[in-house]
Protein chains: 2
Amino acid sequence: MLLSKSCEYGLRAALHLASVAPGTYVPIRDVSTALGIPYHFLAKIAQAMIQQKILASTRGPHGGVRLARAADQITLNAIVLALDGPAIFEECVLGLPGCGTQQPCPLHDQWAPARERVRAMFVETTLDELATRIQTQGFRLADLTSTP
Amino acid sequence: MLLSKSCEYGLRAALHLASVAPGTYVPIRDVSTALGIPYHFLAKIAQAMIQQKILASTRGPHGGVRLARAADQITLNAIVLALDGPAIFEECVLGLPGCGTQQPCPLHDQWAPARERVRAMFVETTLDELATRIQTQGFRLADLTSTP
DNA sequence: TTGATTTAAGATAAACGAGTCTTAAATTGA
DNA sequence: TCAATTTAAGACTCGTTTATCTTAAATCAA
């Protein structure tokens, strides 16, 4: 698994907010049921995203969470960094500390560009782009196999 | 972390066998100390690789493990599949079951080729190629930061 | 045969990620 | 004010991965 479950859930939640109700507060409970993500777990992930300024929140009735910035100002990379940190874009594929151009492992020259391509995908993609796809092309954010 | 610790250790052990003593049995203890991998853990990983026909072993004095085939006949992909399974080459980046060309998630079109490139790196690289690099160019398989 | 060496196998423990539960605090509307 | 709603925060449980420990079995050499 490239991303942690927390990160997968966080990305899907952010995409949901960007595509379903841009700008308005949505209760975490609603996001949880819409995407099939355990509520208490998602609440904890949302807290982290709020602290990292990815989301904003208000409590009480009509409260919930929303994107902290416009959807075209939030890259997938920002969310991955907030929840999983930079490790996946920096780590040696063989787990060797300090692997880099100075002290490369035997796979470094092949791994570094492949890893960079994955990183570029996250850096160059904004929530806005994907939200558009979800709305215009019907791409999915939830597991359809369990709710046919 | 793309690969599990088991898989990282297994790849490094296989590369060590391919570069240090091709064809001869090396005690797991020796591999363990050479690469800085916990002995009992590596022994268990070796067992799995033996069952998957990546390694062969004999017990007793002058026993140990060696590659089951010639180093140019073993791809990195074979070792990754044996220890981590095919999941990393098949999974949806957002963790959605059944994500594919039929039911794509919003990221699928960008993720699938990036993932395929990573897979190609493992499929197209043999232990022999990397062993050559290790010998001719001094690439490393162990953590040099702890033993300066 | 005996003892040293080494893998084989399984029990056990520690660390971490994933998920659950409970209580507190804030906000809103009646 | 009061009650309902909702996030905030932390403790807790569970399962897997990672790591350690112990014992058994096989092999070889003297």
Side-chain angles (χ1 to χ4, degrees), chain A residues 1-13 17 21 24-68 80 83-85 87-88 91 94-95 143, chain B residues 1-13 17 21 24-68 80 83-85 87-88 91 94-95 143:
Chain A
M1 193 153 33
L2 179 71
L3 304 176
S4 69
K5 273 290 170 199
S6 293
C7 195
E8 289 178 2
Y9 290 162
L11 282 169
R12 285 168 57 201
L17 292 174
T24 72
Y25 288 99
V26 179
I28 294 175
R29 174 71 67 183
D30 292 1
V31 179
S32 159
T33 54
L35 300 184
I37 298 173
Y39 167 70
H40 290 288
F41 194 17
L42 182 57
K44 189 180 299 187
I45 296 164
Q47 284 176 36
M49 295 173 79
I50 290 160
Q51 287 166 0
Q52 300 281 335
K53 313 286 190 190
I54 305 286
L55 300 183
S57 68
T58 66
R59 296 199 247 202
H62 308 121
V65 293
R66 62 166 171 81
L67 299 179
V80 171
L83 294 175
D84 275 359
I88 58 166
E91 276 178 336
L94 295 181
D143 176 10
Chain B
M1 193 154 34
L2 179 71
L3 304 175
S4 69
K5 273 289 170 203
S6 292
C7 196
E8 290 177 2
Y9 290 163
L11 282 169
R12 286 168 57 200
L17 292 174
T24 72
Y25 288 99
V26 180
I28 295 176
R29 174 71 67 184
D30 291 1
V31 179
S32 159
T33 54
L35 300 183
I37 299 173
Y39 167 70
H40 291 288
F41 194 18
L42 182 58
K44 189 177 297 186
I45 295 165
Q47 284 176 35
M49 296 174 80
I50 290 160
Q51 287 166 1
Q52 301 279 336
K53 312 288 190 190
I54 306 286
L55 300 184
S57 68
T58 65
R59 295 198 245 202
H62 308 120
V65 293
R66 63 167 170 80
L67 299 179
V80 171
L83 295 174
D84 275 0
I88 59 167
E91 274 177 338
L94 296 181
D143 176 10

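Numbers restart at 1 for each chain; the letters A, B, ... are given by sequence-line order, proteins then strands.
If you check every strand for non-hydrogen atoms under 4.0 Å, B:Tyr9 touches sugar and phosphate atoms only.
Nearest heavy atom pair, residue B:Val26 against residue B:Ala21, reads CG2-CB, 3.9 Å. The heavy-atom pair separating A:Leu83 from A:Ala48 by the smallest distance is CD2-CB, 4.0 Å. In terms of heavy atoms, B:Met1 sits closest to A:Glu91 at CA-OE1, 3.6 Å. Closest approach of B:Ala13 and B:Val31 over heavy atoms only: CB-CG1, 4.0 Å.
Near-neighbour residues of DNA chain D inside residues 28-39 of chain A, defined by a heavy atom below 4.0 Å, number-ordered: A:Ile28, A:Tyr39. Looking at residues 48-56 of chain A, you'll see A:Ile50, A:Gln51 sit with a heavy atom under 4.0 Å from some atom of DNA chain D.
With values rounded to the nearest 0.5 angstrom, B:Leu35 atom CG is found 10.5 Å from B:Tyr9 atom OH. Note that CG of B:Leu17 and CD1 of B:Ile54 are 12.0 Å apart. Values are rounded to the nearest 0.5 Å. The CD atom of A:Gln51 lies 10.0 Å from the OG atom of A:Ser57; values are rounded to the nearest 0.5 Å. Note that CG of A:Asp84 is 3.5 Å distant from OG of A:Ser4, once rounded to the nearest 0.5 Å. Atom CZ in B:Arg29 sits 6.0 Å away from atom NE2 in B:His40 (nearest 0.5 Å). Between the CG atom in B:Asp143 and the CD1 atom in B:Ile37 there is a gap of 11.0 Å [rounded to 0.5 Å].
When rounded to the nearest whole Å, the span between CG of A:Leu42 and C1' of D:dT7 equals 12 Å. Put simply, CD on A:Gln47 is 14 Å from C1' on C:dA26, counting in whole angstrom units. Here D:dT16 presents its P atom at 12 Å from CE of A:Met1, a figure rounded to the nearest Å. Put simply, CZ on B:Phe41 is 17 Å from P on C:dA9, counting in whole angstrom units. Counting to the nearest Å, the C1' atom of D:dT16 and the NZ atom of B:Lys44 are 12 Å from each other. With rounding to whole Å, A:Leu3 atom CG is found 15 Å from C:dA18 atom C1'. Atom CG of A:Leu83 and atom P of C:dA18 are 11 Å apart (whole Å). If you take CD1 of B:Ile88 and C1' of D:dT17, they are 16 Å apart, rounded to a whole angstrom.
Checking the phosphate oxygens (OP1, OP2) of D:dA8, a side-chain nitrogen or oxygen of A:Ser57 falls inside 4.0 Å.
Annotation: side chain of B:Met49 is not in contact with side chain of B:Gln52 (no heavy-atom distance under 4.5 Å).
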* Asked: In B/S/- notation, 5' to 3', how is nucleotides 21-30 of chain D contacted by protein heavy atoms closer than 4.0 Å?
  -> BB--BBBB--
